[in-house]
Engineer: 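Please see the structure below; I have some questions.
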Amino acid sequence: MAWTYLARACRLAVFIALATSTTAGAYEAIRFDRLSADDGLSNNDTFTIVQDRMGFIWIGARYGLNRYDGSSVVQYIHDEKDEHSISDNFVQHLLEGADGAIWAGTWGGGLNRYDPETDRFTRFRHDDDDPASLSNDNVWSSYEDRSGTLWVATENGLNRFDPQTGGFTHFLHDPDDPKSLSNNSVTTVRQDSAGTFWVATYGGGLNRFDPARGSFTPFRNDPADPDSLSNDNIWNFHIDQNDVLWLGTEAGLNRFDPRDGRFTAYRYDASDPDSLSNDTVAYVADAGNGRLWVSTTGGGGNLFDPATGKFRRFLFDAADDLSLSYNLAWCATLDRSGALWVATTNGVSKYDPGAHQFDTRRPNAADPRTTAYSDIQGFYEDADGVLWIGSGTSGLSRLNPDDSVAITYKHDDADPTSLSGNAIADVEGDANGYLWVSTDNGLNRFDPATGRFIRFRNDPDNANSPQGNNVTDLEIDETGAVWMAI
């Protein structure tokens, strides 16, 4: 099925978490939507996902690049007759640059830069006769550092791109130099908040990299040291907000804190349902709220809570269309709305917390401030994110985005600046910051700054007054005029 992610979410569905319990068997249900070739993807075997600044979701597959706008897919396929098409259809990795360009790394066709303004690709390929060309056409990933420099991880070394010349500087393994890169199969490069570079390899473990000196310090598996890296084959890693590295290896998930130099491995345990689902970890991503999404190559995905050390597993179920698309999962990304997208070998899975779970506010007899939560007839969200809720029986309620307690405004016979009636049909806001509130006892203009209402009611002696007091609907047009149904 296709779904729309670009629409603005209603603020009544707020503050949602992927899961609210860490006890096995006690989790709330999580449902995944799916996007596949049936919806227009070029191929179901997907590897990489990124959201650009315009909100488009880009998906790299075994056959082609795809741009998804929430309802339809545009495919970008290699064309031998068009030098400005993508260089190869096996799209392994995607990155949006600071300038808005999309970098597409392919497996076999090198690197591509897509310019949204021209709708063209510029290709960067390996050339045996050009020492400044890309070192290898099999691209694992790319990364733009804090200075705007692009780094490209390939099957034959790490590359630094010079946009002025279009050339690359290579960093390669040298068996005679212990300070060189530990292995030429480079999978991931990242920079932490202190500016330190970390380079992962498939076969040579992890490296701390000093670009100024061109030197590498390796961290490798040592069977005699239980605090060392569990495996030298690293597929991917993530650096969290505390500068802790989370590494996906072929022997589980590893936690590495550079401050103590120790690795902690999280492994699959058949006797523990809260353990990692599979030991081959293909991708680690931020899942929000301090948690990590951990993709595996046979055990589906996991939601990991570092605070508890527990994993919640998500597996493909052929009988459940709302389960993860497949158990071989690759890249995952959290979009700006908080939805999690996962690339699998059977299409893309998306979990949107706001689409399936709600934070419900109900009246509390012990708290009169919550009475406006009953019989809700209308609501309006202002520019500050404040939600104004109109009740059909209990007046107007103000709910701040960071506050679970409402402030309620009701009719008071002794106060002519109070709300004219407690039965509200609609709430709208104008360009001047005023709220307009329709009731069964007249129209009201409310000033949030003063907390006062001005009433507009029918006056039989005034032909310019409203024709009636039971105002059932409101609309404010582009000129600022208020229209009401009576």
Side-chain angles (χ1 to χ4, degrees), residues 47-48 60 83 86-88 90-99 101-114 121-192 195-220 229 232-237 239 245 247-248:
F47 298 100
T48 179
E83 63 178 4
I86 194 166
S87 63
D88 190 88
F90 195 134
V91 182
Q92 168 79 10
H93 185 264
L94 293 170
L95 169 75
E96 184 189 25
D99 61 355
I102 300 295
W103 293 92
T106 71
W107 199 257
L111 182 69
N112 297 258
R113 181 186 183 276
Y114 171 75
F121 293 84
T122 301
R123 304 171 181 177
F124 300 90
R125 303 286 304 265
H126 172 69
D127 182 350
D128 287 335
D129 296 326
D130 182 2
S133 68
L134 189 66
S135 64
N136 190 270
D137 279 340
N138 292 334
V139 176
W140 277 91
S141 66
S142 58
Y143 173 71
E144 192 172 68
D145 69 21
R146 296 187 309 183
S147 70
T149 299
L150 182 72
W151 299 85
V152 187
T154 78
E155 187 65 8
N156 188 39
L158 176 66
N159 294 248
R160 182 176 61 203
F161 178 62
D162 184 343
Q164 301 301 318
T165 65
F168 296 85
T169 300
H170 308 153
F171 299 88
L172 301 168
H173 172 65
D174 181 352
D176 296 324
D177 181 2
K179 292 294 185 180
S180 70
L181 182 64
S182 62
N183 189 284
N184 280 335
S185 185
V186 181
T187 59
T188 315
V189 56
R190 294 281 187 272
Q191 188 180 26
D192 65 23
T196 303
F197 283 87
W198 298 92
V199 180
T201 71
Y202 188 88
L206 178 69
N207 297 260
R208 186 174 60 225
F209 174 46
D210 183 347
R213 294 183 174 86
S215 63
F216 296 81
T217 302
F219 296 83
R220 304 193 62 164
L229 183 65
D232 283 340
N233 294 334
I234 303 174
W235 287 74
N236 171 266
F237 70 89
I239 303 178
L245 278 67
L247 303 108

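Just so you know, these numbers use all the heavy atoms, side chains as well, and skip hydrogens, waters and symmetry mates.
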Engineer: Can you sort out the partners of E96 under side chain to side chain contact (heavy atoms under 4.5 Å, CB included), two or more places apart, ordered by chain and number?
Structural biologist: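 Applying side chain to side chain contact (heavy atoms under 4.5 Å, CB included) to E96 gives D52, R53, I102.
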Engineer: Distance-only criterion, 3.5 Å: show the donor-acceptor pairs between side-chain atoms of residues 160-172 and protein atoms not counting sequence neighbours.
Structural biologist:
{"unit_1": "D162", "atom_1": "OD1", "unit_2": "Q164", "atom_2": "N", "d": "2.9"}
{"unit_1": "T165", "atom_1": "OG1", "unit_2": "G167", "atom_2": "N", "d": "3.1"}
{"unit_1": "H170", "atom_1": "NE2", "unit_2": "S133", "atom_2": "O", "d": "2.6"}

Engineer: I'd like to check R190 versus F237 (side-chain heavy atoms, cut-off strictly below 4.5 Å). Are they in contact?
Structural biologist: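 Side chain of R190 against side chain of F237, heavy atoms only: contact under 4.5 Å found.
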Engineer: R220: what forms a side-chain hydrogen bond (donor to acceptor under 3.5 Å, both in side chains) with it, not counting sequence neighbours?
Structural biologist: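 For R220, the residues satisfying side-chain hydrogen bond (donor to acceptor under 3.5 Å, both in side chains) (neighbours in sequence not counted) are D232.
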Engineer: Does any non-hydrogen side-chain atom of W198 lie less than 4.5 Å from one of D192?
Structural biologist: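 Yes - at least one pair of side-chain heavy atoms lies under 4.5 Å apart.
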Engineer: Tell me, please, which residues at least two apart from Y202 pass side-chain hydrogen bond (donor to acceptor under 3.5 Å, both in side chains).
Structural biologist: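 Expected list: E250.
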Engineer: What pairs with N138 under side chain to side chain contact (heavy atoms under 4.5 Å, CB included), at least two apart in sequence or on another chain?
Structural biologist: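 Checked N138 against side chain to side chain contact (heavy atoms under 4.5 Å, CB included); matches are W107, N136, E155.
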Engineer: For L158 and L181, which heavy atoms make the closest approach, and how far apart are they?
Structural biologist: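 Shortest heavy-atom contact: N-CD2, 4.2 Å.
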Engineer: Once salt bridge (Lys or Arg N to Asp or Glu O under 4.0 Å) is applied, do any residues pair with E144, and if so which ones, sequence neighbours excluded?
Structural biologist: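 Listed in chain order: nothing, the list is empty.
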Engineer: Could you pull out all residues at least two apart from S180 that satisfy side-chain hydrogen bond (donor to acceptor under 3.5 Å, both in side chains)?
Structural biologist: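 Residues passing side-chain hydrogen bond (donor to acceptor under 3.5 Å, both in side chains) with S180: none at all.
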Engineer: Between V91 and A104, what is the shortest heavy-atom contact and its length?
Structural biologist: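 That would be CG1-CB, 4.4 Å.
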Engineer: For D210, check salt bridge (Lys or Arg N to Asp or Glu O under 4.0 Å) against everything at least two apart and list the hits.
Structural biologist: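 With neighbours one apart ignored, the set is R213.
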Engineer: Scan side-chain atoms only and decide if N159 and S135 contain a donor-acceptor pair under the 3.5 Å cut-off.
Structural biologist: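 Result is yes, a qualifying pair exists.
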Engineer: Using side-chain hydrogen bond (donor to acceptor under 3.5 Å, both in side chains) as the criterion, list what pairs up with T122, not counting sequence neighbours.
Structural biologist: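 side-chain hydrogen bond (donor to acceptor under 3.5 Å, both in side chains) check on T122 returns nothing, list empty.
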Engineer: Kindly write out the residues that satisfy side chain to side chain contact (heavy atoms under 4.5 Å, CB included) with D137, not counting sequence neighbours, or none if the list is empty.
Structural biologist: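 Partners of D137 by the side chain to side chain contact (heavy atoms under 4.5 Å, CB included) criterion, ordered by chain and then number, come out as R125, H126, L134.
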Engineer: Return each pair, listed once, that meets salt bridge (Lys or Arg N to Asp or Glu O under 4.0 Å) where at least one residue sits in residues 172-185; pairs must be two or more places apart or across chains.
Structural biologist: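 Passing the test, one end in residues 172-185: no pairs.
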Engineer: Under 3.5 Å, is there a donor-acceptor pair between the S147 and D145 side chains?
Structural biologist: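 Yes, a side-chain donor-acceptor pair sits under 3.5 Å.
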Engineer: The criterion is salt bridge (Lys or Arg N to Asp or Glu O under 4.0 Å); which residues satisfy it with R123, sequence neighbours excluded?
Structural biologist: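 Per chain and number, R123 pairs via salt bridge (Lys or Arg N to Asp or Glu O under 4.0 Å) with no residue.
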